[in-house]
Amino acid sequence: MLVKIHSASLNALTAQDVTLEIDKTKNQRREREPAIFMVGLPDNAVRESSTRVMSALSNSRFQPPQNQIIVNFAPADVRKEGTSYDLPLAVGLLAAEKMVDIHALEHTMLVGELGLDGSIRPVKGALSISILARAKGYETLIVPIDNVREAAVVNNLRVIGATHLKDVVDHLNGHGVLQPTEINTREEFYAAQSSYPLDMSDVKGQENVKRALEVAAAGGHNLMLIGSPGCGKSMMAKRLPGILPQLTLAESLETTQIHSIAGKLNRETSLITQRPFRSPHHTISDVALIGGGASLQPGEISLAHNGILFLDELPEFSRTALETMRQPLEDRQITISRTKYSATLPCSFMLVASMNPCPCGYYNHPTKQCTCTPGQIHRYMGKISGPLLDRIDIQVEVTPVPLQDLASAPRGENSAAIRERVVRARDLQTERFKNEKGIHCNAQMTARLIEKYARPDEQGAQLLAQAMKTLNLSARAYERILKVSRTIADLANSPVITATHIGEAVGYRNLDRASWGE
C-alpha cells in the first residue's frame, strides 16, 4: 500500500514542500534486515530517524510494521536534513498499516522530532514552514507544541500543536481533542510592543555622545565610540535600541523567521517585537559571524537584521572576521555558498563598535597619562582596515565624566523623547526615498542620491572644503559627512543643508584626521 505524507524542508529563510512516499512491500522482513529503506538524499540525521520512529511506535503501544518499508523523500534531488521528518514518517508507517485515516492526510502537513517515548520535540523554522503550508493550500499544519505560537502567526491556516504521537494519531482518526491555536497577529504584535528596558536617562553627562547616538539612529548610520576603559561606551551602546523606531509588522515577521530557523525562539514567543541587539564576543569565528556551517546556520550579522550588531573592543576581533563584514555592510545581505548549498540571508543592521584609543587605553584621557608611543597607537589603529572604517559614518570620542559631576548631574532626557525626534526624521526619509528601490534611510544613499538630496548651500560647501583642507580629512570622509549632514538637517526639519549641519557632521570624523595619535 502506497501512502503519501506532506512535510517540508528548509532552504535559507524559505521552506520547500517535501512528500514522503511510503510503500509497504509484500516481503516479510527478516531478522537482520533493516525495517526501512530510505531514498531521496536523506542525511545521517534523517536515516537515524528510522530507529527513533520504530522505538516511538513501540513505546506508544502501536505495532511496528513487520514488512519491509521503502520511503522516498520527494523531490529526490534535494538533500533532506534534520529531524523534522520523524513525525510524518511515523504517521505514514501507521497509515500504511491502515491505522490512520489516509483521507485526513490529504490536506495536512506535519513536522516534528520524536523522542523514544513518542513525545514530540521542537524543530527549527516552524514559521517558514507555516508560510509554505498556507501558500501550498494545505488546510492544517501539525507542529510540536513548542513551535505552535510562532507557526500560528500565519493566518488562514489551522495550526495544531501536539505533545505526543498518540495524540496526533487520535486527532487524524477523528477521536482526539487537539484544538487549533489562533493568534490575532496584528493585535498581539502591537500589544507586545513596549519600551526598551534600558533608558537613555540613566546616562549622566555625555551630551555630545548622546547627540551622536541620536543622529546615528535617525539616519541608520554605523557608529564608532572611542574612549578609555570605563567611560560608558558599552552602557550607551546598549541603550541605542531604545531610541530607534519600533519594528514594523513586516520587519517583525522577517526578523522572527531568521531567529526561527536558527532555533532561537522560546515556547512563549510568537513574534519578535523589539529590534535585535547582538553583542558577540571578540573570539567569534568567521562562520559564526557571517553564517554558514555544515548545515546552514544564520550568523550574528543576520540575527542582528533590522537591529544592531555591537562589536565591543573592535581591534580585538580577528582581522579576517572583520573583513568578511565589508560586503554585507554595503549590500545588506550575505550570500553563503558551500558544497551542499547556496543561500542568501538578509543582514540589514546598524554596526555599532567601541574601542580604546590605544593599547593602554588612555590616549587623550583628561587625567591619566598614556604610556604608548605614536608608533604603537598607529599599529593598534591599523588593526582596523581602511575599507571597514570607510563604512562607519560617525566616529566620536567618549571622555569620562568626572566623579563629582556624576554625583551631582541630573538624570538626562529619556529615550522616548529622543525616539520621537528620530521617528520624525525617519518619516522624512521614507517620503524622500519612496521611489528609490532598496533605500530607506540616509545611510543607504548612493553617490547619485547624495548628489541629488545632500547638496549643501553655498556657505556649507565652503565650510566643508575648508574643513577637508584644514583638518586634513581623508577623501573617504567627504561623502560620509554629506550623509550625516543630511540626517542632522532632517532632525532640524530643514530642507537645506547649512554650514551648521556641515560643522556638526565634520566633528563626527575623528579617526579621519591625519593628526590622530600624534
Side-chain angles (χ1 to χ4, degrees), residues 3-10 15-20 22 36 38 42-43 45-60 62 64 71 73 80-96 99-100 104-105 107-134 136 138-154 157-173 176-181 260-267 269-270 295:
V3 175
K4 294 184 178 181
I5 307 292
H6 303 290
S7 189
S9 64
L10 291 175
Q16 180 176 344
D17 207 2
V18 173
T19 301
L20 281 70
I22 300 172
I36 303 174
M38 294 184 179
D43 72 348
V46 178
R47 291 185 182 279
E48 290 175 354
S49 67
S50 62
T51 304
R52 291 192 298 273
V53 167
M54 296 296 279
S55 182
L57 290 174
S58 296
N59 291 323
S60 301
F62 293 111
V71 181
F73 294 85
K80 316 304 184 302
E81 299 177 341
T83 58
S84 61
Y85 304 107
D86 289 7
L87 178 60
L89 178 58
V91 171
L93 293 177
L94 294 175
M99 300 175 66
V100 171
L105 299 172
H107 302 289
T108 300
M109 180 179 283
L110 304 95
V111 291
E113 177 185 335
L114 288 180
L116 298 184
D117 60 352
S119 60
I120 303 177
R121 295 172 177 168
V123 295
K124 296 179 180 179
L127 177 54
S128 297
I129 293 170
S130 184
I131 293 171
L132 171 73
R134 183 181 65 178
K136 292 291 184 177
Y138 293 101
E139 296 175 359
T140 304
L141 172 65
I142 299 178
V143 298
I145 193 67
D146 287 350
N147 296 122
V148 70
R149 288 190 59 80
E150 60 174 290
V153 165
V154 177
L157 178 70
R158 294 177 72 246
V159 179
I160 295 175
T163 59
H164 200 276
L165 172 61
K166 193 174 186 308
D167 296 335
V168 175
V169 174
D170 289 343
H171 173 79
L172 293 172
N173 288 330
V177 293
L178 296 180
Q179 297 296 323
T181 298
S260 175
I261 66 171
K264 302 293 185 183
L265 296 180
N266 58 44
R267 180 173 177 173
T269 301
S270 56
S295 58

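All residue numbers refer to positions in the sequence shown, counting from 1.
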Say whether, by atom type as modelled, one donor and one acceptor occur between the side chain of Ser58 and the main chain of Met54 under 3.5 angstrom. yes

Supply the atom-to-atom distance [X] [atom1] to [Y] [atom2], rounded to the nearest 0.5 angstrom.
| X | Y | atom1 | atom2 | answer |
| --- | --- | --- | --- | --- |
| Leu110 | Leu89 | CG | CG | 11.5 Å |
| Glu150 | Thr181 | CD | OG1 | 12.0 Å |
| Leu178 | Thr140 | CG | OG1 | 11.0 Å |

Heavy atoms only: give me the nearest [X]-[Y] pair and the separation to one decimal.
| X | Y | value |
| --- | --- | --- |
| Asp17 | Ser7 | OD1-O, 3.2 Å |
| Ser130 | Val159 | OG-CG2, 4.2 Å |
| Gly118 | Ser60 | CA-OG, 3.7 Å |
| Ala8 | Ser84 | O-OG, 4.1 Å |
| Ile160 | His171 | CD1-NE2, 3.3 Å |
| Leu157 | Arg134 | CD2-N, 4.3 Å |

I want to check something: taking the side chain as every heavy atom from C-beta on, are [X] and [Y] in contact at a cut-off of under 4.5 Å?
| X | Y | result |
| --- | --- | --- |
| Ile5 | Leu105 | yes |
| Val111 | Leu87 | no |
| Asp167 | Ile120 | no |
| Met109 | Leu132 | yes |
| Tyr85 | Val18 | yes |
| Val153 | Ile131 | no |

Partner residues of Phe62 under the ring-ring contact (aromatic ring centres under 6.0 Å, His included) criterion, sequence neighbours left out: none

Classify the angle between the aromatic ring planes of Tyr138 and His6 as parallel (below 30°), tilted (30 to 60°) or perpendicular (above 60°). tilted

Does Arg52 come within less than 4.0 Å of Asp86, counting only side-chain N to carboxylate O? yes

